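Here the structure comes first, spelled out in structure tokens, and everything after it is commentary.
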Amino acid sequence: MRPRRRDCLAGAAALIAACRTARAEAPGLYRRGNDADPETLDPHKSSTVAEAHILRDLYEGLLTYDNHGAIIPGAAESWTVSEDALTYTFRLRADGRWSNGDAVVADDFVFSLRRILAPATAAKYAEVLYPIRNAAAVNRGERPPEDLGVAAPDPRTVVIGLEAPTPYLLELLTHQTSIPVHPPSLAAHGDAFTRPGRLVSNGAYRLAGMVPNDRITLERNPHFHDAGRIAIPRVAFIPTPDLASAVRRYAAGEVDSLADLPGDQMDALKRRFGDQVVLGPALGLYALAVNIRKPPFDDARVRRALSLAIDREFLAQGVWGETMAPAYSLCPPGLDHYGAPPETAGREALPIDNEAEAQRLLAEAGFGPGGRTLSLEYRFNTTDNNRNTAVALADMWRSLGIETRFVYTDAKTHFAYLRDGGAFDLARMSWIADYSDPQNFLFLLASGNDGMNAGHYANPAFDSLLAEAGADRDLAHRAATLASAEAILMRDLPWIPLMHYRSKALIAPRLKGYHPNLRNAAPTRFLRLEA
């Protein structure tokens with residue numbers, strides 16, 4: 001049945017009214033597309049990027065990020081490091097205030113760090129803070145919270161003691177795990193302290209409203225130490241898990257930015273929106289884990305041949321629409337305390353030359369014309385891009401006479417299978433780092449890291465170099481040691497790197513101050529809206 005004319009008119013009127021409402025609220029409100037609705041606004045129980053974006057506006061750690069991804073002073077105005085690099089002393093700013101006007105004091109940070117590491121909190125990210133002295137023992141319930149290496153000798157001084165030198169500690173202190181919570185609010189409300197009207201925060205914004213699956217609205221915190229320079233008075237975080245629908249909302253003017261885009265639509269998006277499509281670096285890796293306990297994948301020649309046959313440029317550009325970058329190393333370029341990462345073979349040679357070398361390696365291992373046929377099973381979690389990647393890989397390997405079978409499941413099942421020790425030949429792995437340091441990539445393949453090291457790679461020389469770097473206070477020497485460790489991985493190839501992630505966003509012309517950066521940080525306090 002065709003709709004009645006008056007129904008059509010009513011629908012059109014509603015659409016026009018919605019557009020007018022969107023335009024009317026636009027001048028003072030930044031409508032910020034976010035990956036998903038947060039599970040929690042408790043920083044010590046959060047675990048997702050979507051939550052991190054909101055928490056970065058609500059709270060301020062000892063240190064924080066600017067809109068270029070640079071680490072800058074936060075609640076602390078200055079800090080010093082002891083000669084042995086085991087003690088960090090932070091001086092809090094005198095004008096630090098919670099959103100209810102209370103002073104931010106050193107005991108707030110001691111309370112908060114003890115809380116996140118207490119077993120009862122069940123914090124998903126507690127291990128990020130294990131560099132702090134006794135943190136692991138406290139988190140496992142082996143020592144009381146009072147034994148944690150954090151102290152407040154006076155109201156404006158926070159002292160943090162470490163188990164070993166940790167060059168990336170300052171970046172850890174920008175992470176949501178290090179965010180302070182307001183002790184009186186927890187005493188009064190318990191876990192319900194995050195509700196509107198109860199949440200007290202110390203960041204540039206305070207919680208104004210929450211409508212599940214619709215928006216979380218923040219307003220400028222008048223007690224924030226830099227409140228006078230915040231250009232955007234209100235920000236609404238709008239969940240956009242359906243990326244195709246999110247693009248339609250952006251095109252209709254309902255949101256001012258999107259933090260993610262559908263990779264399979266990038267060409268069309270670039271044609272439609274031009275320079276509003278913004279790509280940048282990211283701390284992420286897409287790789288193939290190899291089960292090196294299983295013949296013939298225990299033969300390094302087979303792993304190198306598989307790697308050489310892969311056209312990473314085609315995957316990054318043709319399959320992923322330039323939302324990925326070709327990867328010949330585990331570590332992406334641009335990490336702190338690191339130079340150019342060592343790479344596996346293949347970038348410099350022509351594809352035909354790589355194929356010839358791959359055939360030679362396979363022949364040495366007994367595969368190819370006159371030898372056995374190499375068959376492999378590739379496991380991956382199902383998305384359109386992952387499926388297209390798998391098909392492309394199988395086609396590349398087919399030119400070497402390799403037969404490929406697919407096994408695919410949803411992401412939860414896929415990663416649980418690998419984590420629990422399931423059998424496989426090759427499997428898709430991905431990793432988004434928590435901090436910009438090579439250690440956060442290389443530790444994935446340390447002996448005993450069964451949660452990520454699904455192929456059970458174990459190399460004593462590699463482990464020794466990681467341990468040596470972990471105790472090194474000389475940043476240049478540490479970087480060289482870690483580079484030597486990564487060079488071993490690029491020779492052994494327990495993981496075959498395919499691509500490094502890139503951030504991808506849609507930024508409306510009226511939103512100014514956004515700069516893509518490796519940490520994907522864009523605090524609202526550094527942005528502004530133009531009419």
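Just so you know, these numbers come straight off a predicted model, no measurement behind them. Residues: numbered from 1 along the sequence shown.
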For the residue pair [Y] / [X], report whether a side-chain donor-acceptor contact shorter than 3.5 Å exists.
X      : Y      : answer
Thr174 : Tyr65  : yes
Tyr338 : Gln439 : no
Tyr30  : Ser257 : yes
Gln276 : Tyr250 : yes
Ser447 : Asp463 : yes
Tyr125 : Asp434 : yes
Thr524 : Arg32  : yes
Tyr130 : Asn139 : yes

Flag, side chain of [X] to backbone of [Y], donor-acceptor distance under 3.5 Å:
X      : Y      : value
Thr383 : Asn386 : yes
His44  : Ile179 : yes
Thr121 : Ala123 : no
Asn202 : Glu60  : yes
Asn221 : Glu219 : no
Ser178 : Leu172 : yes
Asn34  : Ala50  : yes
Arg93  : Gly74  : yes
Asn517 : Ala521 : yes
Ser436 : Leu335 : no

Could you name each residue pair satisfying side-chain hydrogen bond (donor to acceptor under 3.5 Å, both in side chains) that touches residues 103-114, not counting sequence neighbours?
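For residues 103-114: Trp98-Asp108.
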Do the two ring centres, one from [X] and one from [Y], sit under 6.0 Å apart?
X      : Y      : value
Phe224 : Tyr205 : no
Phe526 : His68  : no
Trp320 : Tyr286 : yes

Is the closest basic N to carboxylate O distance between [X] and [Y] below 4.0 Å?
X      : Y      : answer
Arg206 : Asp57  : no
Arg519 : Asp336 : yes
Asp226 : Arg220 : no
Lys45  : Glu51  : no
Asp256 : Arg510 : yes
Arg97  : Asp102 : no

More than 12 heavy atoms of other residues, nucleotides or ligands under 6.0 Å from CD of Glu142: is that the case?
yes
I'd like to know whether CG of Asp275 has more than 12 heavy-atom contacts from other residues, nucleotides or ligands below 6.0 angstrom.
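Check fails, neighbour count at 12 or below.
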Any salt bridge (Lys or Arg N to Asp or Glu O under 4.0 Å) involving [range]? Give me the pairs, sequence neighbours left out, ordered by first then second residue.
range            : value
residues 125-136 : none
residues 63-88   : Glu77-Arg156
residues 465-482 : Asp437-Arg478

Is there a side-chain contact between [X] and [Y], using heavy atoms and a 4.5 Å cut-off?
X      : Y      : value
Leu55  : Ser46  : yes
Trp79  : Pro73  : yes
Ser201 : Ser99  : yes
Arg215 : Phe237 : no
Val158 : Thr89  : no
Arg229 : Arg525 : no
Tyr168 : Asn440 : no
Val247 : Leu269 : yes

Stepwise salt bridge (Lys or Arg N to Asp or Glu O under 4.0 Å) check, Arg249 with Asp242
CA-CA 11 Å; Arg249 294 188 69 179; Asp242 183 333; over 6 Å; no
Chi angles and distances behind the side chain to side chain contact (heavy atoms under 4.5 Å, CB included) call for Arg91, Asp154:
CA-CA 10 Å; Arg91 184 67 173 168; Asp154 64 64; 3.4 Å; yes
Quickly, which of Lys504, His500, Met499 forms a side-chain contact (heavy atoms from CB on, under 4.5 Å) with Met324? Name it, please.
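Going through the options one by one, the only one that passes is Met499.
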Sole residue of Leu207, Leu41, Val181 in side-chain contact (heavy atoms from CB on, under 4.5 Å) with Thr194:
Leu41
Apply side chain to side chain contact (heavy atoms under 4.5 Å, CB included) to the pair Leu489 and Leu442, showing each step before the final yes or no.
CA-CA 9 Å; Leu489 297 181; Leu442 302 184; 4.0 Å; yes
Please report the C-alpha distance between Thr240 and Leu258 in whole Å, then the side-chain angles of each, then the deciding distance to 0.1 Å, and finally whether the side chain to side chain contact (heavy atoms under 4.5 Å, CB included) criterion is met.
CA-CA 8 Å; Thr240 55; Leu258 294 177; 4.0 Å; yes
Let's go through Ile160 and Leu173 carefully: what are the C-alpha distance in whole Å and the side-chain angles of both, what is the deciding distance for side chain to side chain contact (heavy atoms under 4.5 Å, CB included) to 0.1 Å, and is it a yes or a no?
CA-CA 11 Å; Ile160 298 178; Leu173 296 179; 4.1 Å; yes
Can you list the residues that meet the side chain to side chain donor-acceptor pair (under 3.5 Å) rule with Arg143, with sequence neighbours excluded?
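Checked Arg143 against side chain to side chain donor-acceptor pair (under 3.5 Å); matches are Asn134, Asp147.
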Suppose we screen for side chain to side chain donor-acceptor pair (under 3.5 Å). Which residues come up paired with Gln265, at least two apart in sequence or across chains?
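Counting only residues at least two positions away or on another chain, Gln265 forms no side chain to side chain donor-acceptor pair (under 3.5 Å).
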To check you understand the geometry: which heavy-atom pair defines the closest contact between Pro342 and Ser329, and what is its length?
O-CB, 3.3 Å
